[in-house]
Amino acid sequence: MQFTLKRKIKTMDNREIAQKFYKVADILEVLGQNQFRVNAYRRAAQTIESLPEDINELYKQNKLTEIPGIGAGLKEKIEELITSAHSKEIDDLEKKVPIGVLELLSIEGLGPKKVKFLNSKLHINSINDLIKLIKSHRLLKFKGWGEKSEINILQGVEQYKKFSERLPLGIALPIAEELAEKIKNIPGVKRVEICGSIRRRRETIGDLDLLAISAHPEKTINSFVHLSVIKQVKASGPTKANVVLKQGIEADLRVIKPESFGAAMNYFTGSKAHNIHIRKLGQARNLKINEYGVFKKEKSGKFKFLTGAEEINVFKSVGLSYIPPEIREDEGEIELAKQNKLPRLIEDKDIKGDLQCHSEASDGADSIEELVAYAQKVMGYKYLAITDHTPSVGVTHGLNPKRVLEQIKKIDRLNKKLRNFRILKGMEVDIKADGQLDLPDEILKKLDVVIAAIHTGFKQPTEIMTERIIKAIRNPYVKILAHPTGRIINKRMPYNVDIEKVILEAKKLNKILELNAYWNRLDLNDVNLKLVKKIGLKNVINTDAHARVELKNMRYGVMTARRGWVEAKDVINAWPMERLLKFLKKT
DNA sequence: GCCGTTTTCGGCCCGACTGTTTTCAGTCG
């Protein structure tokens with residue numbers, strides 16, 4: 001008789017292979033190797049990351065080289081990674097550049113050349129080394145480094161340190177969802193829910209909180225701490241474990257009794273301020289509310305269990321209607337829930353189209369036809385605006401007037417063939433340093449939707465930047481201001497802009513400020529969205545997709561919109577096409 | 001490292017901005 005030894009063959013998925021290639025690109029760059037080779041790795045990583053198919057399947061079907069940008073060399077490396085999770089050549093490269101040196105690249109203003117100089121000439125191997133160097137002012141002796149460099153680096157380090165503890169929602173949520181799936185597959189587990197700040201859809205996440213119902217709590221915890229995705233077990237008891245995942249983020253799993261599950265969800269979703277407010281309402285009614293349930297204080301002084309299985313009953317027990325997790329921040333939601341006057345927050349299914357995406361004509365990965373097919377079939381949209389870049393955003397291969405006209409003709413042709421769907425002709429026009437637009441009006445006026453956006457000159461002072469943006473949206477053909485504050489989560493602060501002034505001006509001009517749904521932007525953020533709503537300005541939620549699968553990032557936009565109390569009626573791409581077109585013509 | 005209707009070798013999207021320069025290198029998108 002033959003025993004099948006259940007040996008886990010470690011393989012790598014699309015995301016892990018993409019991460020590996022990004023890392024290789026960084027290493028090669030710091031080593032000063034051929035830039036085109038570096039680009040090849042980075043391009044391949046991007047392609048793999050946004051590949052709709054599982055790369056393991058393509059490998060099995062021997063179709064790896066059909067992926068654009070994958071030739072014989074990368075095919076071989078992918079095969080090694082898939083079959084053994086290692087590649088000799090990559091392992092050797094990783095030995096040449098310490099991880100601390102690669103970390104230096106995350107500091108804004110430090111690119112491969114400077115990092116290489118710091119590492120090879122001054123033996124800087126980590127951020128700590130770098131700080132010491134700056135404080136000694138030794139750097140000033142070298143050509144090309146001045147006082148401003150010192151200040152910028154220190155600021156960059158500070159920013160990096162401040163942000164590096166929390167993961168962006170767009171990274172943390174897929175990790176949490178995968179982990180929840182794995183827990184669901186543990187025998188005896190009946191239900192798993194992701195709670196914590198992820199459930200509130202905060203833009204960055206500190207750790208993962210998961211709750212489960214299980215027939216065998218202790219066995220479940222034991223299976224959990226032995227999952228392959230776990231790097232370190234920090235604590236593990238009969239109903240609860242605290243672990244560190246391979247991705248570096250901490251995760252807590254608690255096994256809860258069914259009769260307490262709703263109360264636990266409420267408790268572990270937070271926010272803290274919201275929970276405290278709810279518990280206070282309970283106290284006033286002689287109720288004790290905790291993670292096990294709602295309890296009534298009896299004359300004897302003992303507490304009697306009232307409810308706990310369903311979350312909504314916790315709210316009901318203190319006279320509130322159900323409050324969606326995204327707005328549980330104690331910022332007025334409890335008062336409105338008392339009067340049953342909460343906003344009806346926008347949902348994924350309300351979105352009818354996307355008004356910003358990029359085709360291969362500029363820096364996108366896919367053709368207009370591919371984007372449209374995906375928007376129609378996968379996303380279920382009624383319209384999609386193609387908004388490629390303009391020439392001044394150099395590397396994007398932006399469209400000059402001649403190419404814009406060609407694209408317009410092409411879209412007109414495609415539209416004739418489409419049923420129940422329309423491609424909108426658009427451009428994401430660069431706003432130059434002086435507020436001028438990168439395309440002439442006679443071109444802009446031929447488009448359905450013109451989006452203006454800043455891509456350079458981020459360091460202008462507030463007044464100049466604000467005037468620059470306002471000048472751009474005053475152009476009669478500009479309808480939308482893309483990623484209005486320019487922040488990149490964990491990487492770049494918003495540029496100096498008086499956003500309130502811009503919002504007020506936009507209201508006056510009847511222009512729209514975008515909520516960019518890409519998870520590292522989420523710009524406008526929840527705070528600004530509330531301001532927009534207060535002023536009565538409409539929104540648009542755009543993915544800014546550079547590949548068709550990125551149209552799926554819409555969900556992060558909707559999540560952030562919900563945190564900003566946004567309703568479907570406020571969002572122009574939740575409107576039917578006719579109404580949207582009418583609106584775009586009028587503004 | 002990829003790619004091919006100018007190519008199997010020799011290209012490979014580049015413009016704006018910053019901080020350091022005194023004419024430009026590095027970074028960013």
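Nothing here was measured: the structure is a model prediction, and the numbers come from that model. First the proteins, then the strands, lettered A, B, ... as listed; each starts at 1.
- Comparing N34(A) and D363(A) along DNA chain B, the residue whose closest nucleotide (by nearest heavy atom) sits nearer the 5' end is N34(A).
- You'll find the ring centres of Y22(A) and Y41(A) outside the 6.0 Å limit.
- Of all nucleotides present, none satisfies the Watson-Crick or G-U wobble test against dT8(B) with each distance under 3.5 Å.
- Shown are N516(A), T387(A), D354(A); of these, the side chain to side chain contact (heavy atoms under 4.5 Å, CB included) with D544(A) is made only by N516(A).
- The number of heavy-atom neighbours closer than 6.0 Å to CD of E57(A), taken from other residues, nucleotides and ligands shown, is above 12.
- Comparing the C1' positions of dC12(B) and dC17(B) gives a spacing of 24 Å, expressed to the nearest Å.
- One can place CZ of R37(A) at 7 Å from C1' of dG1(B), the figure rounded to the nearest angstrom.
- Geometrically, R487(A) does not engage Y495(A) in a cation-pi contact, judged by NZ or CZ lying under 6.0 Å from the ring centre and within 45° of the ring axis.
- Taking the P atoms as reference points, dG10(B) lies 32 Å from dA16(B), given to the whole Å.
- With K530(A) contributing its side chain and G564(A) its backbone, the two residues share no donor-acceptor pair below 3.5 Å.
- Among the atoms of the strands shown, none is found under 4.0 Å from any heavy atom of K116(A).
- Between the CG atom of D438(A) and the P atom of dC14(B) there is a distance of 15 Å, rounded to whole Å.
- As judged by a 4.0 angstrom heavy-atom cut-off over every strand, E29(A) is placed among residues making no nucleic acid contact.
- With the nearest nucleotide of DNA chain B identified for both A72(A) and N39(A), A72(A) has the one nearer the 5' end.
- The line from NE2 of H358(A) to CD of E428(A) is 4.0 Å long, rounded to the nearest 0.5 Å.
- For the C1' atoms, the distance linking dG1(B) with dT5(B) amounts to 24 Å, nearest Å.
- Rounded to a whole angstrom, the distance from the P atom of dT27(B) to that of dT20(B) is 13 Å.
- The same atom, P, is picked in dC2(B) and in dT6(B); the two are 23 Å apart, to the nearest Å.
- For the C1' atoms, the distance from dT21(B) to dG26(B) is 12 Å, rounded to whole Å.
- Glycosidic conformation of dT7(B) is syn; the angle stays within 90° of 0.
- The nearest whole Å value for the distance from the CZ atom in R42(A) to the P atom in dC2(B) is 16 Å.
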Base contacts versus sugar-phosphate-only contacts with protein, heavy atoms under 4.0 Å: please encode nucleotides 16-29 of chain B as B, S and - from 5' to 3'. SS-SS-----SSSB
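- Here R138(A) does not pair with E150(A) in a salt bridge; the nearest charged N to carboxylate O distance is not below 4.0 Å.
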